[in-house]
Amino acid sequence: MTQQENTPDFTIKVRPRGGVGRSAIWQWEVFGAGKLLPLVKGTTSGAETKAYEDAQKAITRLRGGK
């Protein structure tokens with residue numbers, strides 16, 4: 001294996017934007033390998049895990065999946 005094969009294709013970054021509990025707002029961003037600016041970003045309200053799920057869906061769309 002080379003070093004390049006061990007590098008993940010995408011990185012997810014999630015930050016709180018305000019609120020508590022069900023009204024919490026999370027900002028998520030998806031970065032490509034070696035990219036300084038996000039490829040896709042969005043906001044999600046509710047649980048933090050929902051923000052990660054939305055980011056994973058965005059990665060699937062970037063890879064050409066449904």
Side-chain angles (χ1 to χ4, degrees):
M1 284 188 155
T2 63
Q3 178 65 19
Q4 195 171 26
E5 291 175 2
N6 290 333
T7 306
D9 294 339
F10 299 101
T11 304
I12 298 172
K13 189 181 223 182
V14 175
R15 294 183 260 197
R17 300 308 285 172
V20 178
R22 290 185 210 162
S23 63
I25 298 172
W26 300 92
Q27 179 180 354
W28 55 268
E29 299 172 325
V30 176
F31 293 87
K35 302 289 183 183
L36 296 176
L37 298 175
L39 299 173
V40 181
K41 59 184 176 178
T43 57
T44 303
S45 61
E48 181 180 7
T49 55
K50 189 173 179 215
Y52 280 103
E53 290 171 4
D54 289 348
Q56 286 294 336
K57 290 176 187 176
I59 289 172
T60 302
R61 286 191 306 266
L62 286 171
R63 289 185 174 150
K66 294 182 179 181

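One is the number of the first residue; the rest follow in order along the sequence.
Put simply, the side chain of Q27 does not reach to within 4.5 Å of the side chain of V14, judged on heavy atoms. By the 4.5 Å heavy-atom criterion applied to side chains, F10 and L39 are counted as neighbours. The closest side-chain heavy-atom distance from K50 to W26 is not below 4.5 Å.
Just one residue in the list R15, K41, K13 forms a salt bridge (charged side-chain N to carboxylate O under 4.0 Å, His left out) with E29, and that residue is R15.
Here the CD1-OG1 distance, from I59 to T11, works out to 8.0 Å after rounding to the nearest 0.5 Å. One distance of note links CD1 of I12 with CD of E53; it measures 10.5 Å at 0.5 Å rounding.
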Apply side chain to side chain contact (heavy atoms under 4.5 Å, CB included) to the pair W28 and T43, showing each step before the final yes or no.
CA-CA 6 Å; W28 55 268; T43 57; 5.8 Å; no

What verdict does the side chain to side chain contact (heavy atoms under 4.5 Å, CB included) test give for V30 and L62, after you've listed the backbone C-alpha separation in whole Å, the side-chain angles of each residue and the deciding distance to 0.1 Å?
CA-CA 10 Å; V30 176; L62 286 171; 4.2 Å; yes

Please evaluate residues T60 and K57 with respect to the criterion side chain to side chain contact (heavy atoms under 4.5 Å, CB included), reporting the C-alpha separation (whole Å), side-chain torsions for both, the decisive distance (0.1 Å), and the verdict.
CA-CA 5 Å; T60 302; K57 290 176 187 176; 5.5 Å; no

Before you tell me yes or no, could you show the steps for Y52 and T44 under side chain to side chain contact (heavy atoms under 4.5 Å, CB included), namely the whole-Å CA-CA distance, both residues' side-chain angles and the distance that decides it to 0.1 Å?
CA-CA 9 Å; Y52 280 103; T44 303; over 6 Å; no

